[in-house]
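Here's the structure we're looking at; comments come further down.
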Amino acid sequence: NAHVVDKADDITVHLADRREVKAELIGKDEKTDVAVLRVKAKDLPTVKIADVTKLKVGQWVMAVGSPFGLDYTATQGIISSLGRNLPNDNYTPFIQTDAAVNPGNSGGPLFNTDGEVIGINSQIYTSTGSYAGVSFAIPIDLAMDVVEQITENGKVTRGWLGVQIQEVT
């Protein structure tokens, strides 16, 4: 996530096979909270990207990350909502889940039951700073679009109409 590497001087990526490799920040997009990193290593593990148009509320998911520095932690839950917009965020139609996500999970994958990545764990809704039953992931199709734009153009371009929705009175 962009917020994870925001002020980093050095970036180290922890791989599933427990290797740690240095990474170079290629670019980031704060509006979607996506960062693009480059690592130089051999035999990198890969994951399959899911078709997010097939996601359904109630579908089982697994979040992987490093909550509180506890590397390689997996939690499970269900998709609670799709296309969730958060206050002050007009760019990311989040996948809402009840899979336990805590500080340190950001940037980890959200998997479906076929082992495909459906999202990138991004944030939690909490009043305590710890998991309170609601977490959000960036849909992987949006994240991959951002990755493509950053790698090809060095930035993300999006349209803007300059209009706002408000309640009719």
Side-chain angles (χ1 to χ4, degrees), residues 1-8 10-41 43-52 54-55 57 59-84 86 89 91-126 128-148 150-151:
N1 293 111
H3 78 267
V4 173
V5 298
D6 187 37
K7 295 183 172 129
D10 293 308
I11 302 169
T12 302
V13 175
H14 298 242
L15 301 175
D17 61 8
R18 304 207 183 261
R19 286 185 291 161
E20 295 182 3
V21 293
K22 293 288 184 188
E24 171 191 359
L25 178 64
I26 301 303
K28 60 184 176 177
D29 179 51
E30 285 84 9
K31 291 189 184 326
T32 55
D33 195 25
V34 173
V36 179
L37 306 176
R38 176 180 292 133
V39 295
K40 293 181 181 177
D43 301 318
L44 290 173
T46 59
V47 292
K48 187 172 180 187
I49 303 297
D51 177 359
V52 295
K54 296 180 180 177
L55 297 180
V57 172
Q59 182 176 338
W60 284 96
V61 294
M62 180 177 71
V64 177
S66 299
F68 306 111
L70 301 167
D71 292 343
Y72 317 107
T73 297
T75 58
Q76 71 172 0
I78 62 165
I79 294 175
S80 306
S81 179
L82 294 166
R84 176 72 73 195
L86 301 179
D89 181 6
Y91 296 101
T92 308
F94 286 103
I95 299 168
Q96 180 183 329
T97 176
D98 68 349
V101 170
N102 280 293
N105 272 100
S106 294
L110 184 67
F111 289 103
N112 63 18
T113 55
D114 292 326
E116 301 166 327
V117 176
I118 63 169
I120 301 171
N121 300 319
S122 178
Q123 55 187 291
I124 56 176
Y125 189 81
T126 178
T128 65
S130 293
Y131 174 72
V134 183
S135 58
F136 301 94
I138 304 154
I140 198 62
D141 61 335
L142 173 62
M144 296 309 289
D145 178 59
V146 169
V147 167
E148 184 178 324
I150 289 173
T151 40

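A distance of 14.0 Å separates NZ of Lys48 from CD1 of Ile118, quoted to the nearest 0.5 Å. The CD1 atom of Ile95 lies 11.0 Å from the OG atom of Ser122; values are rounded to the nearest 0.5 Å. In this structure, Ser135 OG and Asn105 CG are separated by 8.0 Å, a value rounded to the nearest 0.5 Å. The line from CD1 of Ile140 to CG of Leu55 is 11.0 Å long, rounded to the nearest 0.5 Å. Taken from CD in Gln123 to CG in Asn1, the straight-line distance is 8.5 Å, to the nearest 0.5 Å. Note: Asp141 CG to Met144 CE = 10.0 Å, rounded to the nearest 0.5 Å.
The heavy-atom pair separating Val13 from Ala23 by the smallest distance is CG2-CB, 3.6 Å. Annotation for Gly27 and Ile150: closest pair CA-CG2, 3.8 Å, computed over non-hydrogen atoms.
Checked against side chain to side chain contact (heavy atoms under 4.5 Å, CB included), Thr46 has no partners two or more places apart in sequence or in another chain. Scanning for side chain to side chain contact (heavy atoms under 4.5 Å, CB included) contacts around Val134 gives Gln96, Tyr125, Phe136, with sequence neighbours left out. Residues satisfying the side chain to side chain contact (heavy atoms under 4.5 Å, CB included) criterion with Asp10, sequence neighbours excluded, are Lys22. Applying the side chain to side chain contact (heavy atoms under 4.5 Å, CB included) rule to Ala41 yields the partners Arg19, Val21, Leu44; only residues at least two apart in sequence or on another chain are considered. By the ring-ring contact (aromatic ring centres under 6.0 Å, His included) test, Phe111 pairs with no residue at all, sequence neighbours left out.
Distance alone, capped at 3.5 Å, places no donor-acceptor pair between the Asp145 side chain and the Glu148 backbone.
Taking 4.5 Å as the limit, some side-chain heavy atom of Thr151 sits within range of a side-chain heavy atom of Val36. Using a 4.5 Å heavy-atom threshold, the side chains of Thr97 and Asn121 count as separate. At a threshold of 4.5 Å between non-hydrogen side-chain atoms, the residues Val64 and Tyr72 do not count as touching. Contact annotation: the side chain of Leu37 never approaches that of Ile26 to less than 4.5 Å [non-hydrogen atoms, C-beta and beyond]. At least one side-chain heavy atom of Leu142 sits under 4.5 Å from a side-chain heavy atom of Pro93.
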Output a table of donor-acceptor pairs, distance under 3.5 Å, between side-chain atoms of residues 73-81 and any protein atom two or more places apart or on a different chain; print 'none' if there are none.
residue: Thr73; atom: OG1; partner: Leu70; partner atom: O; Å: 2.6
residue: Thr75; atom: OG1; partner: Ala100; partner atom: O; Å: 2.7
residue: Ser81; atom: OG; partner: Arg84; partner atom: NH2; Å: 3.3

Practice problem: Just do the salt bridge (Lys or Arg N to Asp or Glu O under 4.0 Å) check on Asp33 and Lys28 with the steps written out, would you? | Solution: CA-CA 7 Å; Asp33 195 25; Lys28 60 184 176 177; over 6 Å; no
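In summary, the side chains of Ser106 and His3 do present a donor paired with an acceptor at a separation below 3.5 Å, with no hydrogens or angles considered.
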